[in-house]
Amino acid sequence: MTSKFNFSKKEKLKSIKDIEQLFKKGISIHQYPFRLTYLEKKEKNGVLINFGVSVPKKKIKLAVNRNLIKRRVREAYRLNNKALKNMLSNSGKELNMMLIYGSEQILSYSEIEGKIKVILYRLTESCEVDSK
RNA sequence: AUUGCAAAUCGUUCUAUCGCUGUUUCAUUUUUAAUGAGAGAGAGGAAAGUCCGGGCAGCACAGAGUAUCCUACCUAGCGAAAGCUAGGGUAUUGUUUCAGGAAUGGAAUAAUAACAGAAAGUGCCACAGAAAAUAGACUACCUCAAUUUAUUGAGGAAAAGGUGAAAAGGUGAGGUAAGAGCUCACCAGUUACAGAAGUAAUUUUGUAAGCUAGGCAAACCUUAGGAGCUGAAAAAUCAAAUAAACCAAGGCUUGAGGGUUACUCGCCUAAUCUUGGAGGGUAGAUUGUUAGAGCGUGGAGGCAACUCCCCGCCUAGAUAAAUGAUAGAAACCUGAACCAAUGUAUUGGUAAAUAAGGUACAGAACCUGGCUUACAGAUUUGCUUUUUUA
RNA sequence: GACUUGGUAGCUCAGCUGGUAGAGCAUUUCACUUUUAAUGAAGGGGUCCUGGGUUCGAAUCCCAGCCAGGUCA
């Protein structure tokens with residue numbers, strides 16, 4: 001399973017309660033144009049990461065463009081989350097995380113992918129430090 | 001051929017790899033859900049704005065009245081309705097043309113119209129101006145009186161003046177102290193009646209009245225016709241929950257309180273009202289939810305809106321919200337530059353069947369008919385500008 | 001998804017039963033003071049969100065659009 005680059009319905013962050021908890025207590029990493037908020041799960045549900053994307057209406061006004069950015073971000077996350085998942089399965093943790101888009105311009109896929117790689121690498125590092 | 005405007009139709013396609021959401025078949029695990037494999041499906045003409053309709057759902061409904069909202073030239077047609085289509089009328093504006101010295105008028109044509117009523121009533125019309133809608137007396141005009149002889153007072157008059165968006169019919173004659181539709185002639189408009197044309201809106205002719213009757217209803221309003229209220233976060237079921245439950249007091253058929261979902265009358269009502277006390281829980285899932293005033297090909301009718309018939313099809317169903325990412329190719333459009341190196345203005349390379357760039361507006365959220373707004377480009381039709389040929 | 005308010009000076013708001021667009025704060029100049037503040041006086045500053053319509057005349061009435069809020073179980 002881990003050899004594939006899946007991102008199915010189960011791995012999305014959906015519950016309103018979980019999202020409220022995440023924004024109250026979560027830890028943030030800033031890396032322009034993104035802000036990543038994450039929190040370790042209290043009750044494990046067998047899924048390593050529940051992940052969500054948010055694009056604020058104030059920054060991007062048209063629904064078409066918001067959808068486009070979300071799709072690009074999800075695609076970049078899908079292709080680049082392997083290292084993080086390996087680390088978590090080794091340490092036995094599960095995370096909730098939310099990625100918020102902060103730019104007013106529509107970035108291309110290659111730019112977004114580069115930023116996602118950087119931010120996921122930083123997250124992996126900080127998690128490893130915590131577990132030690 | 002070309003310029004612009006309007007209307008209608010369409011509004012990118014294919015391949016590879018990796019993914020997303022439903023449906024369905026098979027297999028495995030295991031016991032009703034996962035995982036894997038296969039098949040097949042997966043945004044629009046506006047999905048948008050939420051400006052009008054309808055379905056559907058809940059609540060209400062003996063009945064009457066009021067309020068509120070919507071519609072508004074005529075005829076015919078289409079449609080479930082909203083509304084749309086065709087033709088005609090009237091008004092305004094533009095263009096062309098004819099008449100004329102001009103003002104202006106006639107004809108044709110195009111665009112636009114929230115195009116019922118201002119003679120049912122109320123209200124408003126700033127500033128300016130004497131006066132702004134029952135007319136009115138500032139200057140100038142006329143008569144009389146008084147005297148200080150160029151002023152004052154009383155009256156007449158609505159002709160002249162300037163102002164203003166708008167000054168209360170126009171021209172001429174008579175008339176008079178001066179004047180006035182005061183009277184007359186011609187012209188213009190208004191209302192009533194009658195005749196003619198037309199299904200009608202309306203047009204036109206005559207007679208009478210009379211010069212009154214200005215504008216604003218996208219001011220209140222009147223007339224005619226129509227509309228119960230609330231919206232899928234509606235609503236139902238399951239799970240959870242003693243929760244419209246429990247305890248105490250008051251109120252009672254002479255109707256208090258409550259209901260009648262904007263109000264009044266009327267009607268209904270005792271398990272249903274009022275006050276206080278104690279006191280939780282949920283933030284999920286499924287249905288609603290996609291077979292319908294449905295879509296497509298063909299035929300028939302109609303100028304059109306649209307209707308009928310035959311055959312075929314099942315055609316998104318997400319919910320922090322799927323329908324994508326990367327690479328390559330094709331199609332269409334614009335088209336004279338583009339790439340690399342350095343010495344930064346030169347050199348080298350690729351380039352006219354090309355280099356390079358671009359492909360709009362925009363994302364379903366219960367469904368659906370219209371309206372409005374946004375839109376690269378293509379095609380068709382009508383009108384139009386300029387040029388060429390006959 | 002459904003419903004509903006508002007947009008006026010640099011800022012916060014009046015004006016919205018149609019008739020020259022105003023207040024407070026800020027800003028500019030002057031006076032007072034050794035100087036500043038405070039105080040007093042005088043000014044400047046407006047596409048009344050945009051486009052059309054009704055009207056003699058529109059910030060105000062009507063229509064369409066743009067932008068910014070608010071409510072719901």
- prompt: Does the side chain of A:L68 come within less than 4.5 Å of A:K70's, by heavy atoms?
  reply: no
query: What distance, rounded to whole Å, do you find between the two P atoms, one in B:rG79 and one in B:rC306?
result: 10 Å
field: Interatomic distance, A:N67 CG vs B:rA48 C1' [rounded to whole Å]
entry: 14 Å
task: Scan every strand shown for a Watson-Crick or G-U wobble partner of B:rG348, both distances under 3.5 Å, and answer none if you come up empty.
output: B:rC339
field: A:M97 side chain reached by A:T37 side chain, heavy atoms, under 4.5 Å
entry: no
- prompt: How about A:Y77 and A:V53: do any of their side-chain heavy atoms sit closer than 4.5 Å?
  reply: no
C1' spacing across the pair B:rA235 / B:rG38, given as an integer number of angstrom: 41 Å
message: With rounding to the closest Å, how many angstrom separate the C1' atoms on B:rA362 and B:rA48?
response: 8 Å
field: Contact under 4.0 Å: A:R74 side-chain N or O vs B:rA321 OP1/OP2
entry: yes
- line: The glycosidic conformation of B:rU272, counting syn as within 90° of 0 and anti otherwise, is anti
Could you go through nucleotides 324-326 of chain B and list every protein N or O atom that sits under 3.5 Å from one of its N or O atoms, giving the distance for each pair?
unit_1: B:rG324; atom_1: N2; unit_2: A:E75; atom_2: OE2; d: 3.1

- prompt: Mind checking the C1' distance from B:rU237 to B:rU289? Whole angstroms is fine.
  reply: 16 Å
Between B:rA330 and B:rA356 - P atom distance, rounded Å: 12 Å
- prompt: If you measure from the P atom in C:rU20 to the same atom in C:rC25, how many Å do you get, rounded?
  reply: 26 Å
message: In this structure, how many angstroms lie between the P atom of B:rA321 and the CD1 atom of A:I69, rounded?
response: 14 Å
message: Syn or anti for B:rG22? Use the chi torsion, O4'-C1'-N9-C4 for purines and O4'-C1'-N1-C2 for pyrimidines, with syn inside 90° of 0.
response: syn
message: When you compare the side chain of A:Y38 with that of A:I27, does any pair of heavy atoms fall below 4.5 Å?
response: yes
- prompt: When rounded to the nearest Å, what value does the distance between P atoms of B:rC229 and B:rU71 take?
  reply: 16 Å
field: Nearest-Å distance once atom P is located in both B:rU319 and B:rC366
entry: 14 Å
query: Partners of A:R122 by side chain to side chain donor-acceptor pair (under 3.5 Å), sequence neighbours excluded?
result: A:Q31
query: Rounding to a whole Å, what distance do you find between A:K70:NZ and B:rC20:C1'?
result: 14 Å
- request: Taking syn as within 90° of 0 and anti otherwise, name the glycosidic form of B:rG181.
  value: syn
